[in-house]
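Beneath this line is the structure, given in structure tokens, with notes to follow.
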There are 2 protein chains.
Amino acid sequence: MTADSNTTTRHAPATEATAAGLPALPQMDSIIGYKLRRAQLLVFQDFLQSFAKLNLRPAEFSVLAMIARTPGLKQSEIAAALGIKRANFVALMDALEKRGLADRRKGDIDRRSHALHLTPEGTRFVRKMMAVWNTHENRMIDRLGGPAERDLLIGLLDRLLAPDATPDA
Amino acid sequence: MTADSNTTTRHAPATEATAAGLPALPQMDSIIGYKLRRAQLLVFQDFLQSFAKLNLRPAEFSVLAMIARTPGLKQSEIAAALGIKRANFVALMDALEKRGLADRRKGDIDRRSHALHLTPEGTRFVRKMMAVWNTHENRMIDRLGGPAERDLLIGLLDRLLAPDATPDA
DNA sequence: ATCTTATTGTTCTAGGATATAACAATTAGC
DNA sequence: GCTAATTGTTATATCCTAGAACAATAAGAT
């Protein structure tokens, strides 16, 4: 079950040079970046389906979750924490504000910054959002095998991200 | 701030309600999809830098690698194997053909399909490509801690992808 | 204080990746 | 032979990401 049962066809002799003298071609299935991309797309796909009713995308989810957890942060702080360029954050925040879920409040000390907060409706929304997210996340954890495997995966991904982690945002 | 098992699963009150009565907000850092996305972006970033000289993007790499490993496959087969819609595959293949790295040959049995092959120059290119890729992949493996951790990670990602894996393509 | 530099939010723009619909050529089923 | 399905293709729309530039504001140096 967990061996070499790959989808990727199986013509070629595998080990031998396929084209003229090509050494050891890697199987796409064993490439870190490729697997990461496929897995991420799958998880996001599940996320999008789960949140179709609430009409919420991953980026919006992450922003709401951050504001709920730490209200009052500046736009640039949240953007940086999430790895989103502040230029791209604007439209995102505009949408959340237009939906009445969050709002920007002019900073009193630094009047060019905007402190982000949930509206009362936003708070109610986040409650529903978290319920949906829980079933989504649990589905992913189930696929992995359980919480232990989840922790293991997170740990491995953290290693990848550790060194220079945030490429600035 | 190292290990620490997170509480993202079902139960777990974790912290106090942040906003008005919000239960257990998850830390973005413990969310599978979020971590996957960040890690994938980091790996792709490294990939793009590594391949800046060769002017090659991940998707093109994967196509060349597949053609090199299994020449003669149809366009739609390679596209499906890589999770690329055949509509989006056209421009990709156009570019590779324009660069003289691969070509389409009309199938003799089924004349609407195109069998994909590397050109001689494509074969030479793939050789250089694999050299670059090796140092890139080794850098990622080093970050993870070693080949054992790489295998572990791949295994965990395979679990995620296992069930319905290919969302069709 | 003033002059210069940096930060914050913003707009505009451009590239890439992904998704769907439709179409011509070809093949397969009946 | 007629109808339905497949293959490659074009066209299109959306989202995500990235970079440059700008006004308002703040911070630092003189």
Side-chain angles (χ1 to χ4, degrees), chain A residues 33-34 36-38 40-45 47-49 51-52 55-63 72-97 102-116 166-169, chain B residues 33-34 36-38 40-45 47-49 51-52 55-63 72-97 102-116 166-169:
Chain A
Y34 178 73
L36 273 176
R37 169 175 158 267
R38 298 298 295 258
Q40 188 252 322
L41 285 175
L42 178 99
V43 173
F44 270 44
Q45 204 89 354
F47 183 100
L48 287 173
Q49 287 175 9
F51 280 94
N55 189 33
L56 200 72
R57 4 273 276 21
E60 297 173 319
F61 171 90
S62 65
V63 172
L73 288 183
K74 295 190 298 181
Q75 250 183 238
S76 52
E77 288 174 332
I78 292 194
L82 294 175
I84 301 173
K85 304 260 177 202
R86 67 189 200 282
N88 297 328
F89 194 88
V90 178
L92 235 170
M93 193 57 201
D94 283 348
L96 295 180
E97 210 168 15
D103 60 355
R104 318 182 218 220
R105 304 180 191 166
K106 276 240 153 75
D108 15 293
I109 35 175
D110 185 340
R111 279 192 327 207
R112 64 208 151 135
S113 68
H114 287 167
L116 304 186
T166 323
D168 137 55
Chain B
Y34 177 73
L36 273 176
R37 170 177 156 266
R38 297 298 294 260
Q40 189 252 322
L41 285 176
L42 178 97
V43 173
F44 269 44
Q45 204 89 356
F47 183 100
L48 286 174
Q49 287 175 9
F51 281 93
N55 189 34
L56 200 72
R57 346 191 95 277
E60 298 173 320
F61 171 90
S62 65
V63 172
L73 288 183
K74 295 190 299 181
Q75 252 184 235
S76 52
E77 289 175 331
I78 291 193
L82 294 175
I84 302 173
K85 305 262 178 202
R86 67 188 200 283
N88 296 328
F89 194 88
V90 177
L92 235 170
M93 193 56 203
D94 283 349
L96 296 180
E97 210 167 16
D103 58 356
R104 317 181 219 222
R105 304 180 192 166
K106 276 239 151 75
D108 14 295
I109 33 175
D110 186 340
R111 280 191 326 207
R112 65 211 148 135
S113 68
H114 287 168
L116 304 187
T166 323
D168 135 56

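The structure presented is a predicted model; accordingly, all values stated were derived computationally and were not measured. By convention in this document, chain letters (A, B, ...) are assigned in the order of the sequence lines, proteins followed by strands, and residues within each chain are numbered from 1.
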message: Tell me if the aromatic rings of B:F61 and A:Y34 count as close, with their centers under 6.0 Å from one another.
response: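 Centroid distance B:F61-A:Y34: not below 6.0 Å, so no.
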- prompt: Could you run down nucleotides 3-9 of chain D 5' to 3' and tag each one B, S or - for protein heavy-atom contact under 4.0 Å?
  reply: --BBBBB
statement: By side chain to side chain contact (heavy atoms under 4.5 Å, CB included), A:R111 pairs with (sequence neighbours left out) none
field: Partners meeting side chain to side chain contact (heavy atoms under 4.5 Å, CB included) with B:R105 (sequence neighbours left out)
entry: B:D103, B:H117
query: A:R112 and A:D110: salt bridge (charged side-chain N to carboxylate O under 4.0 Å, His left out), yes or no, with the steps?
result: CA-CA 6 Å; A:R112 64 208 151 135; A:D110 185 340; 2.9 Å; yes
message: Give me the atom names and distance for the closest heavy-atom approach of B:R37 to A:I84.
response: NH2-CG1, 4.5 Å
- prompt: Minimum heavy-atom separation for B:E60 to B:L92, with atom names?
  reply: CG-CD2, 3.4 Å
Taking atom [atom2] of [N] as reference, at what distance in whole Å does atom [atom1] of [X] sit?
X      : N      : atom1 : atom2 : answer
A:R111 : D:dA27 : CZ    : P     : 12 Å
B:L48  : C:dG15 : CG    : P     : 16 Å
A:F89  : D:dA18 : CZ    : P     : 15 Å
B:F44  : C:dA17 : CZ    : P     : 9 Å
A:Q49  : C:dA19 : CD    : P     : 12 Å
A:L42  : C:dT18 : CG    : C1'   : 16 Å
B:K106 : C:dT26 : NZ    : P     : 7 Å
A:K85  : C:dA14 : NZ    : P     : 18 Å

field: B:R57 vs D:dT17: side-chain N/O to OP1/OP2 distance below 4.0 Å
entry: no
task: For B:L92, report the nucleic acid contact type (base, sugar-phosphate, nothing); a contact means any heavy atom under 4.0 Å.
output: nothing
